[in-house]
Every structure is written in structure tokens, then in C-alpha cells.
Number of protein chains: 2
Amino acid sequence: MGPVTDLLPDARADTRARVEQVALDLFTRRGFEQVTADEIAEAAGISRRTFFRHFATKADAVWGDFASHVARLDRLLGAADDGQPVLASICAAYVQVNDYAAEDLPVLRQRMTMILREPALQAHSQVRYADVDRVVARHVADRTGERPDALLPRLVATSSRAAATTAFEVWLADGTTSLADDLHAAFAQLAAGFPTLRAH
Amino acid sequence: MGPVTDLLPDARADTRARVEQVALDLFTRRGFEQVTADEIAEAAGISRRTFFRHFATKADAVWGDFASHVARLDRLLGAADDGQPVLASICAAYVQVNDYAAEDLPVLRQRMTMILREPALQAHSQVRYADVDRVVARHVADRTGERPDALLPRLVATSSRAAATTAFEVWLADGTTSLADDLHAAFAQLAAGFPTLRAH
DNA sequence: GTTGCCCGTGGCACTGGGTGTCACTAACGT
DNA sequence: ACGTTAGTGACACCCAGTGCCACGGGCAAC
């Protein structure tokens, strides 16, 4: 094989993206655990060793460039309007980070279905979410003057992530709603302390 | 080795508990990933194969009898007072399930420190928590008349679990507070929609 | 008591994820 | 032309987890 020096400037990123799509398709068709790293590598035309140089774990092939999403979330929170409630800022940031173009929605569905349904990926997701939580907790800490590891910042971070993942699940299961609407609905419940629950 | 037919009626459960403690100690001393299944088996005086008959995965050796805790949570929720708010029932159930005797607190600390700090165990925990969430979501659904996979039941389940784990983290980090107090504090914030956050 | 069954156990081989190392080669600057 | 750098493939290795088989002790039925 060897580097073909495509006409493109960054062959590395290109290879990575290709392998990612190949892996995602295999996973979707046959299930995450049923596909071996060897098979992905062969289908993508690279060696097993090279696969693991592009992705630290098999699970990482599903997550795309998640780090840049976290970084974007961080920037959005940093630029948030201090006048609005903290939860509103967080909700808006989550909505913006997950504002995909219509043509990208199918791939997003594919990815998220996998992540939320496959046990091995559910497990892996916890580690990724920890990064998100750190960013959100820091923002809450900045806004309230507390330390990032105090109860409130931590709690707001984990429960707003809970809101986000729940919104994703409903979005996937329903199929007719818009992700942004589901996110807003979940955050509205959270910010109001689940008002409909008090009657019971 | 072979079955020694101890003086105890249930040698199996006894072995399991012994292996669990041996594993927990090794993990605490050297880190979860640095301890191999072979080493645990040898230290516990059993074969590697037998270790994996008692525990499906290495991580399971840390979790004790978690299924019975979930079952207990389920019973507590089933017997909850319909007069009080749903979140109050959930909070009370969480508090009761985590009401350990003073002498058991050190082991609990050991376990939870591991689970919350070791990446491999954080990942594994997601799968365990899913069982908890199902139980809580079903209770919320019963109380509100919604389906268990609707937004509200799911969201309440995941965010009350977020409250519980956050309380655990604060409890571990602080060292002076009581777990029950931390749980109550977290649930109070959640149920009130983070009132202190609105000012900012 | 001998026979047959059940079950916990150990040994062994095998799959599959992930890593360390080395050698090859193409692109690039000087 | 030269050395450097970076992506790659091949190979050996570690370790978690599994399937399979064979052993051995308790325990009933006869």
C-alpha cells in the first residue's frame, strides 16, 4: 500500500475519514462487537496496526472528532451572555454544538444510535462525557464564583448532560421531532425543577 | 484446591466475597489496570478460570452485589408514599439504599473511589447505571401515566442518578460530610431547578 | 457400599483488542 | 545527493474473556 500522496494536501485526515465511514457502515450492518479490527482494516485497505494508529480504540472510530466539539462548546460558553440564566447559556451552547446541516443528519443518527444502543459504546461514552462535564462545570464555577468541583457546578454539568443525552434518545426514538426542540424541552424541564411532577 | 466443603453452608458465596476483597485491595494498592486477572486469582488461591466464573469481568469484582441494590431500590420505590412529590420519593429511596452502617463506610469509600476515578471502571459503570435508570424511569412513568421511554421519565431517571453520583463525588472529596446530607442537598437543587443559578 | 448425577473446579487452547518495535519508503528541506 | 521526518506494514507480545473437557467431591437412589 504505502502513502499514495493523493492530490489532496492532507492524506492523513482523508484516510482517517474514510476508515471512519467504513467502520461505521460495518458496525451498523453487523453490530459493533461482531466486527473485528482486522475486518475494518481490510475493508479500508490498511493494516490492523495502522487502524490503531488512527484510532486508539475501536470505539473511537465511531466518535469522529469529538474533541473539537468539546472545544467548540467551551468557546460558546466562554462567549455566553452574562445577562441570561446560566442554564439558558448551557442549553443554547448544547443546541448550537448539535446544530447539524440536514444532509449530515443521517450520519448523526447512525452514530448516535450506535453510541446509545451498543453496550460497549455506552460504556466508552462515559469517558468522553467526562470531558464535556469538566467544561460545563468550569463555566458554572466561573459564573457563580464557586470551585469547579463543588456540588453545584458538578451537578449542573452532569444533569445538563443528562438532559442532552435524553433529548438525543427521544429524538432517535421518535423520528419526527427536531433535535433542537427536544433539547429545549429537556432543559426547560430541568430548569423548572420538573413542575409537572409536583402534583403527584 | 477443590471444594473444601467449609463449615459454612454456602462455600460459593464465601469464596466470592473473599476474592472480591482480595481484588479490591490489589486494585486500591496498584491501580485497576495494573492488576491482571492472573494475579487476583493467585492471590485469592483460585485459578484464573474460576475467577471469571465468579465475575463476568474484572470490573465486576469491584461492584459487589449491585443487582440486589437495584432490586431494593425498586421495592422502595414501589412502596413509596403517593402523597409526596415524585422526586422526594426517589431521593428517599436513594438515601435508604445508600444507608450503610458506619463499619461498612471504609469499604464503600474504597469501592466508590475506584469506580469514580478509574477510567475503565467509569466506563463500566454506565452499563450498571442503565439498570438503575430503568427502574426509576418506570416509577416515574407509573406515577405520571406517561410511557417509561418518554422524555420526562427518562430525564428524571438520568438526572436523579446524576444527582446521586455527584453527591457521592462530593462525599468522597470532602470527607467530613454525611452521604445522606450530600444526597439531600443534590436532590434539593435538582427539585428546585437550581434556584441560586437564576440570579446570574 | 456402590452407582450415578450434579456442580464447582483447573487446565488448555483460542479469539480479539491493544501495544512496542523494527524496517521500509515516500516527501521534504538543504 | 543527503539526512530527516512521517506514515506505514509486519511481527511478536500482553491480557481479558470464552469454550471445552476432564477431574473430583458431595449426595441421592438403589
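Being a predicted model, the structure only gives us computed values, none of them experimental. Each chain gets a letter, A, B and so on, in the order its sequence line appears, and its residues count up from 1.
Atom CZ in B:F51 sits about 17 Å away from atom P in C:dG8, given to the nearest Å. Taking atom CZ of residue B:R16 and atom P of nucleotide C:dT9, one finds them 12 Å apart after rounding to whole Å. Distance, B:L121 CG to D:dA16 P: 13 Å, rounded to whole Å. Rounded to whole Å, the distance from CD on B:E42 to P on C:dG11 is 12 Å. One interatomic measurement links the two molecules: NE2 of A:H124 to C1' of C:dG18, which rounds to 13 Å at whole-angstrom precision. In this entry the distance linking CD1 of A:I46 with C1' of D:dG7 reads 11 Å, nearest Å.
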When you compare the protein's N or O atoms with those of nucleotides 20-23 of chain D, which come within less than 3.5 Å of each other, and at what distance?
none

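Annotation: of the two residues near DNA chain C, B:R48 and A:R48, the 5′-most nearest-nucleotide partner is B:R48.
Annotation for B:T144 and A:L197: closest pair CG2-CD1, 3.7 Å, computed over non-hydrogen atoms.
Taking Ile, Leu, Val, Met, Phe, Trp and Tyr as members and joining any whose side-chain heavy atoms lie under 4.5 Å apart, directly or through other members, A:V127 forms no hydrophobic cluster with any other residue.
In this structure, B:Q122 contributes its side chain and B:L116 its backbone to a donor-acceptor pair below 3.5 Å.
Residues from residues 32-41 of chain A lying near DNA chain D, meaning a heavy-atom separation below 4.0 Å, are absent.
A search for side-chain contact (heavy atoms from CB on, under 4.5 Å) contacts involving A:A186 returns A:A163, A:A167, B:L151, B:L155, not counting sequence neighbours. Under the salt bridge (charged side-chain N to carboxylate O under 4.0 Å, His left out) criterion, A:D181 pairs with no residue, sequence neighbours left out. In this structure A:F52 satisfies the ring pair (Phe, Tyr, Trp, His ring centres under 6.0 Å) test with no other residue, sequence neighbours excluded.
In this structure, B:T50 reaches the C:dG10 phosphate: one of its side-chain N or O atoms is under 4.0 Å from OP1 or OP2. Note on B:H54: every side-chain N or O is 4.0 Å or more away from OP1 and OP2 of C:dG8.
The OG atom of A:S159 sits 7.5 Å away from the CG atom of A:L87 when rounded to the nearest 0.5 Å.
Evaluated for a side-chain contact (heavy atoms from CB on, under 4.5 Å) with B:R109, the options B:Y100, B:W171, B:F168 yield exactly one hit, B:W171.
Closest approach to the B:F52 side chain among D:dG17, C:dG18, C:dT9 is made by D:dG17 (side chain taken as heavy atoms from C-beta onward).
Aromatic ring orientation, B:Y129 versus B:W63: perpendicular (interplanar angle above 60°, classes split at 30° and 60°).
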